[in-house]
Each structure stands twice: as C-alpha cells, then as structure tokens.
Amino acid sequence: MQSRWNDRDAGEAVDRYAKAGVDRDLALRVYTTRLLGADPKLVLHGGGNTSVKTRMRDLNGEETDVLCVKGSGWDMATIEPAGLPAVRLDPLRKLRTRESLSDEDMVKLQRANLIDPGAPNPSVETLLHAFLPHKFVDHTHSIAVLSLTDQPDGEALCREVYDGRMGFVPYIMPGFGLAKVSAEAFEADPKVEGLILLKHGIFTFGADAREAYERMIAMVSRAEDRLKRGRRSVFAGIQLPQSGAAQADIAPLVRGACSVEDGKADGAYKRFILDFRGGPAVLNFVNGAELARYSQQGVVTPDHVIRIKNRPLIAPPPEEGRLDAFKQGLRETVQAFVGHYEEYFARNNARCANSKRMLDPMPRVVLVPGLGLFGLGRSKKDARIAADLAESAVETITDAEAIGRFEALPEADLFDCEYWSLEQAKLGQGAEKPLAGQIALVTGAAGAIGAATAKAFAQAGAEIALLDIDEGAAKARAQEIGGAALAVRCDVTDARSTRAAFDKVVEIFGGLDIAISNAGAAWQGRIGDIDETTLRKSFELNFFAHQRVAQNAVRIMRAQGTGGALLFNVSKQAVNPGPNFGPYGLPKAATLFLVRQYALDYGSEGIRANAVNADRVRSGLLTDAMIAARSTARGLSEKDYMGGNLLGREVTADDVAQAFLFHALALKTTGDVTTVDGGNIAAALR
Ligand code: ZN
C-alpha cells in the first residue's frame, strides 16, 4: 500500500480551508481523513474514524482545548470540517477515572461538551481518541489487518509481524471499556506507533497529520506483505452443474424467497432490493467445498453485523432448466435461516434479560454457488452497501484462509453489536416511504406523463427504471430523479428489445413489482380511409406493446411470488371516440380489455391490473402546437380549451402520475379504470 500524501495537495487544503476560517490542524485532518476514506481496503461504509486535538474558540470567544473527531453520518472519503465536530477535551479526559459508563450516558456527555450544539453525534470511539495523548489519531478496519487478527492465533501472528512497534488490545465492544483498555495498552509501552484491536481494526497515531497517516500505511503494508508469504491455494471447488442459470433468472427467486408478508395489510410484503457481485474472487469463494465452514462463522469486524447480520445465507447451486428445484431448495434454506436466526436471538436475548426487540430475520447476503453473491437492502443504496461489505469479507476470509484459518468473534459479541442499545433506540424512528423495497418500471419514460410518473414513484420510495426508445432522453430524466434511477433503452414494439430491457432491470435491482405500461402514440385518420399499415402500426404500439410489457412483468412477478401491480395508460378514446381518432382509439379499446383479462387471470396470484384514462394532457401526444391549433379552431383561449371539462381545470402529467401511484398502493383494487380528465360524462365508464 502506497502513501498518497502529497505536500502540494496538503498545502492547498490548508489554504482553501483557511479562507473559510478553518485552522491548519483541522484542514490537514480533513485532508488525510479523505485519503484514508477513499481506499475501500481501509475504510468501508463508516468502518473507521479520525481525530485531531487542537484549540478553538467556544461560543463565548474563549480559547479551549478540543478534540475534533469524526461525526456520525459523515463519509470519510468526502468529509468536510463540519464532519469533525469539536468536543471539549478536558471533560472527556476526566471520564477516565470512572469505573464504568453506559453507552447512553457516554453519548449524552459527548453531546453536552460539543462546541456547536447543532453538530452531529461524535463517533462512539471518541473516548478512545480522547484518552490517547497524540495530536493526530487514525483508525481503520483494514482488510489486511483483519485477515491477520481474525485467526485462532491472530495475536501471535500480529506480534511477529509488528515486532514491538504496535500495542495489542483484546476484543471489547466499542465504548468506554474499550477506550480505557486501549489507553492502558498504549501506556504499557509508550514507544508503540499504534494499536492492533484484535478482530476489530487498527489505530495509528502521530504528532502531525502526515506521521499518523503514513504509520497507518506502513502498518497495513506490513500486514499485506505477511499475507503474500506462505500462501496455499484456496478454495478447493465443489462439483457444479454443467450449465448454471443466468443472474436475471435467479434474482427474482432470491428476492421472492427473502420477502416477508408485512402483516400491516393483506397482500403487503416487506421486500428487498438486490445488488449482485460475481467477480473471480467471489466465485472462488462461493464455489468452495468448505463454504459452509468458512462463510458461517460470523462477520469479519463487528460493525458489519448491523448491515449484514451475523452470517450470509447459502443457496443451493442453481441449474439451467431446473429452476423449480432451485426455487424449492432455496425456500427451504431461507426457512432454516430464519429458524436459526430466531434461535440465535432467543438464546442471546435471554442473556440480556429479554430486553431486546428482534429485527427482521431475513438474510442481507445470499451466496449462490456457481453464480456469485447478492447484497439485500430496503433500498438500492443499502443493497450496495451490503454487497460491498460481503465482498470485503470475501477478501478478508480468503486471505486469512490462505495463510491460516479464519475465525470470527463468538456469537455473543456479535449479538451485542447487532442489538446494541443505541441501535435498538433507532428502531421505529423515521417512517419508511410507502413503496420502500419495491421496484417500478415505466415505459415511455422520456415523455411528460412517463417522467412525471417515474418521479412520483421515486418520491414514494420505489427504485425506478425508466424505459424509452430514446435512451439519451431517458438518461436525462433519470438524472433529474437522482439516486439509483436507471435508464434503459427499450423499443416496446420489439420483443427482443423488451425482454432485454426487463432483464437489465432485474440484473440491476433484482426483480420487479410495478410495471407502468405508458408508451403510446396517436395515429389519426378517418377510419374508412385509413390504410392497413398505419392501423397495424398503431396496434403494435398501442396494444401489442402493452401485452408484451405485461407478459414480461407477470413472468418476473410470478417467479417472486409476491404479487405485483400492472398499470396501463389507456385513454378516454377507449370509451369515447373522437372524430378521426379511430387508429388510436381502437387499439386502446383492446388495451382496456387487456387490463380486465390480466385482472381476471392473475388476481389469484396477487397481481393486480389497473388503468388510467387521461384526456387533454400537455405531452408528446398533445403538443403545444396542436393545442394552439385546436383552441384557435374552436375560437377558445388555450386555457379554456385545456380546461374544457366539467371542473374547468387543466389536467397535468402530475395528476396522471398520482392516479398511477394510487393504484400501486390500493392493494384491494384490480380491474379498475381511473379517469383523470377533469370530468367528461361522455367518457365516464359507469
Ligand atoms: Zn472501529
């Protein structure tokens, strides 16, 4: 591992922050924190923190000694000075004389001593930083260091590697106790340049930012060098089926098996989003004959347990053409996983006077021999984090096994982290959005109605895929939405293009819950004069494309087995024809019946089919030029033409989007058509 310290960059950081009134100490603290945070082999999703001891003026203008330490919610790779809240140092140091201190009291004391009362919570490892005398203190969960410490003889191995240059701290859960023991480990030998926290990570310290940072790089490099020596090849593989299955076929089965009925409403499920990894290192790991031994011991460093639970689920190896057997086997393994998790909870909760609330028992990492691994989360972001942590665990365990044998912490220690009182206190806070965990797809997503619908579903918490024949326009719309919104090119009049687009959505998110079949175009002509080619073209897009989209959606929804919502953009033309709009209205009338057929044929599987009939919405179908021409022809102002309905109100794309959203949430409604036209009795359905 190379030091990325650069005098020019460091100087630039000092100059840049000086303009914002930030002193040199804190500027350099930000600079090296970012260097550490940018390397996933050192820091991953909150696994690490840093601090600097400096002087600062408090709100009374009095200079005081402070510890600027990483605050919760900040990512080290992109941290700013505000992400290192200043805490008065003397009161923190005084705590060392105490016998014990609960986590809740520790958090209160830390907050009470913040210079800025609005700052984020200082790290739970704040006291460890405060009790060490050094100006700069750096902490990471380096993969290489964990590969050494996570062994039955981890301490002996590290002592040999570090040759007196590092102190050693046995595993203790982060908090007051760990801070005290770590300070004692340093004081026992003040020559040490850092501390190895067994089965947790590494601290280095120094008199300046560069020294602490470069000690981290040097000590991690020593671990890396040790891992290169005396390696044996891991892991001997199992016999896999001749032809494995495709990820797009497996993901919906995994997703379905790991969904749980919500209990809040009949037909509601708690679902997860998936994130897939299938590189050579992952495959080597999941195909190993001893997978059940080395993958099931526990997480590689305790904070991972909050994100990915104490162990991953091992799926049976899937075989092409035998997916039913895989589905059955998978459901059995999920059931067993849940059973083990409930036992694990009961066993350890008893030790805690039954004071804990059980978290949902579903796995957050699923290993699939022959294929790879899936991270599971309630959002794409959380799924990605789970997959990142799983991939780093693959590396840690592979390296540990290459030079020895991987050994995790005992179950009780991991339970204490997973069910840590401060984590339990967060439960039930911040209500989830109504479509959290669901995946929605919109066709014709670049148009006004498609884009408004994609936005409304994303705001309701769904992960969203925007399909359009114009990929560039779909990308621009996805960018407006932000987050994990996905743009996919899709020609819905082409079966292969449609299938490929659905496969892409499944590969990225793991499945599909809501399909909004929206793409359409208005062909016009007097019905007796229209040529057959034009009529067939209109049927291709305004009827067959809806059938194609629904068919693909139903295929995925049935694999998941958790129901789903089919939503169709029909049109008032389907029930109330306009003059010379036959080529458009006829296929739309067929699509209206298609909605009812899907409602009838798939209701028993929880798949609902509903439609929206909109009229006179400013969009690609009804352009500004058309509106101008039509209102002039009728001698109306544009406003009177657009609001020419019973309510006298113009209908917008957002109104249509809200009707689709209502249908996605209405679990007891199927075969329904909702009219969004401001009121038109001639187009009323009943
Ligand atoms: Zn840590």
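Whatever order the structure lists ligands and atoms in, that order sets their numbers, starting from 1. Counting from 1, the numbers follow the sequence of the chain as shown.
- Atom OE2 is the N/O/S atom of E125 found closest to the Zn ion (ligand 1).
- Of all N/O/S atoms in H200, NE2 sits nearest the Zn ion (ligand 1).
- A salt bridge links R96 to E187: at least one charged side-chain nitrogen sits closer than 4.0 Å to a carboxylate oxygen.
- In summary, R215 and E211 engage in a salt bridge, as defined by a charged side-chain N under 4.0 Å from a carboxylate O.
- No donor-acceptor distance shorter than 3.5 angstrom exists from the side chain of E418 to the backbone of K309, with no hydrogens or angles considered.
- Summary: NE2 is the N/O/S atom of H141 found nearest to the Zn ion (ligand 1).
- For the pairing with K41, the side-chain hydrogen bond (donor to acceptor under 3.5 Å, both in side chains) check across E224, H141, E395 returns one residue only, E395.
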